[in-house]
Every structure is written in C-alpha cells, then in structure tokens.
Amino acid sequence: MITWKTLSSSYIFKSPFGNLRKDICELPDGQVIDDYYVNEYTDWVKAIVLTKEQQIILVSQYRYAGQNIFLEIPAGKPEGQESYQKAILREVQEETGYTTDREPVLLGQFYVNPATQTNKIYTYLLLDAYQISDQQLDPTEFIDVHTFDFKEMHSLIKNGEIQQLFTANAYYMALDFLKENAIK
C-alpha cells in the first residue's frame, strides 16, 4: 500500500487540550489536498471498574459539546511521564474514590478516529475495586459516582441511558474478557 506524502504542515492553533494542524498532502496518484485538518490529542485511558460484588462504578457529568449529562466509565489522560496503568489508577481514584490492589488488565488500545485524530484510547479492566477515599476532583470537574450491577450494563446501553461510544465499547470488551477468563 502506498501512503500519502505530507508536503507541508502548519498549526492553526495549539492549546493544552489539543492542537489543530493543517497539512497539504499528496495522494499516491498525484492529487493534492490543500487543506487536510488533523486534530492532535493526547492519548486517553478509561476503565471498567468492578467491585468484588460485581458492581460497576460509573460516573455522570455534564459534557459541554454534547450538551447533556452522560453516564460513563472513569477516564482521563496521563500526566507528565506517567504510565497508562498509573494514569488509570489515579484517574479512577480521583473521580470515584475507588482503587484496587490488582494490576489493571489492558483490554485493548485503539485509535479514536485515525482519519483526523492522532490519539489512542487505552481500555482497562479494574477488578476487586473498593472505595478508599472521597473524590479528588479538579476545579472544573463536577462528577457524581454511581454503582450498578454489572449485569445491568447491557440494558443501560440498549435503553440509551449510556450514550457514549467508549463506555459501550469498554463494556463489551470487559464482558468478553470475563467470559474468556471465567471471572465472575
């Protein structure tokens, strides 16, 4: 397969949340695209968090772009040189007050939208989670914590109570892992 050639790149803007880059690209047949826009974002981490009692820990928060309150799994981005495993453990504890003594299980890593975004999302499963503290939210975070029986997740997705792709995707990845590994 022949790849595209980048003839030039320039930034439209840069911010702590991500950058927007405008590239001029040449296709394998010689066509030139003068305005191909690429969103540069940091990789994210997310986790299905299950207690010993098979309760899933979800959070709800207002998402400005979606103009709604969304029920979702804990997620965030690594800070500094933090590993993805340390990042997800930190994010879960900050957002929910929960932690685990077990190693996070990496369920998969996927590009969010490789056509226009540079980042990947790393999906973890945290087993035997327990509450260790109160939430430790950033000043701009307003997050409520919810627990559901893990078996309810399918209904929450099917009934539209969960409307976020990465939460639904993580649930099905965790479900497959749990079935394959006979973990209750």
Side-chain angles (χ1 to χ4, degrees), residues 17-18 20 37-78 84 87-100 102 104-131 134-184:
F17 298 103
L20 180 62
Y37 294 94
V38 177
N39 293 291
E40 296 178 339
Y41 294 119
T42 303
D43 290 342
W44 311 333
V45 292
K46 63 179 179 169
I48 293 287
V49 181
L50 291 178
T51 67
K52 288 181 184 181
E53 298 78 26
Q54 295 305 293
Q55 295 291 301
I56 185 167
I57 309 304
L58 299 176
V59 296
S60 63
Q61 59 187 313
Y62 180 76
R63 296 299 196 174
Y64 180 77
Q67 295 288 300
N68 206 346
I69 296 171
F70 289 86
L71 187 60
E72 57 195 48
I73 59 175
K77 62 182 184 177
Y84 295 120
I88 195 55
L89 291 169
R90 177 189 47 75
E91 284 289 344
V92 166
Q93 186 171 348
E94 287 176 0
E95 291 185 7
T96 69
Y98 281 78
T99 193
T100 183
R102 296 180 63 172
V105 176
L106 179 64
L107 297 175
Q109 60 186 16
F110 300 94
Y111 281 95
V112 176
N113 179 0
T116 60
Q117 292 177 223
T118 59
N119 63 315
K120 285 184 181 179
I121 191 161
Y122 290 74
T123 304
Y124 287 93
L125 173 62
L126 303 184
L127 297 167
D128 299 334
Y130 58 93
Q131 190 166 11
D134 292 332
Q135 292 172 300
Q136 301 153 20
L137 301 175
D138 294 336
T140 59
E141 291 181 313
F142 302 91
I143 298 174
D144 292 325
V145 179
H146 306 272
T147 58
F148 293 90
D149 188 295
F150 185 66
K151 294 175 185 173
E152 291 180 66
M153 279 296 287
H154 179 76
S155 293
L156 292 171
I157 294 167
K158 185 178 178 181
N159 297 333
E161 293 177 67
I162 291 179
Q163 300 179 354
Q164 189 189 61
L165 179 61
F166 81 61
T167 295
N169 168 267
Y171 163 70
Y172 289 111
M173 291 170 59
L175 188 62
D176 283 348
F177 177 86
L178 295 169
K179 284 180 182 177
E180 289 174 9
N181 292 281
I183 297 173
K184 296 181 182 180

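Computed over heavy atoms, backbone and side chain alike; hydrogens, waters and symmetry mates excluded.
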Side-chain touch K46/N169, heavy atoms, less than 4.5 angstrom:
yes
Heavy-atom distance under 4.5 Å between the side chains of F166 and V112, does that happen here?
no
Nearest atoms (heavy-atom pairs only) where I143 meets E95
CD1-CG, 3.8 Å
Indicate the ring-plane relationship of Y64 and Y62, choosing parallel, tilted or perpendicular according to the 30° and 60° boundaries.
perpendicular
Please report the C-alpha distance between F110 and M173 in whole Å, then the side-chain angles of each, then the deciding distance to 0.1 Å, and finally whether the side chain to side chain contact (heavy atoms under 4.5 Å, CB included) criterion is met.
CA-CA 12 Å; F110 300 94; M173 291 170 59; 3.7 Å; yes
For N113, which residues count as a side-chain hydrogen bond (donor to acceptor under 3.5 Å, both in side chains) partner, sequence neighbours excluded?
T116
For residues V92 and I57, determine if any side-chain heavy atom of one lies less than 4.5 Å from a side-chain heavy atom of the other.
no
Just checking N159: does its CG atom have more than 12 heavy atoms from other residues, nucleotides or ligands closer to it than 6.0 angstrom?
yes
Does Y111 OH have over 12 foreign heavy atoms under 6.0 Å away?
no
Stepwise side chain to side chain contact (heavy atoms under 4.5 Å, CB included) check, L175 with F150
CA-CA 9 Å; L175 188 62; F150 185 66; 3.9 Å; yes
With a 4.5 Å heavy-atom cut-off, do L106 and Y122 have their side chains touching?
yes
Do V49 and I73 make a side-chain contact, defined as non-hydrogen atoms from C-beta onward lying under 4.5 Å apart?
no
Audit row: M153, T167, side chain to side chain contact (heavy atoms under 4.5 Å, CB included) steps and yes/no:
CA-CA 10 Å; M153 279 296 287; T167 295; 4.2 Å; yes
Considering all heavy atoms, the nearest L107-F177 contact:
CD2-CB, 3.6 Å
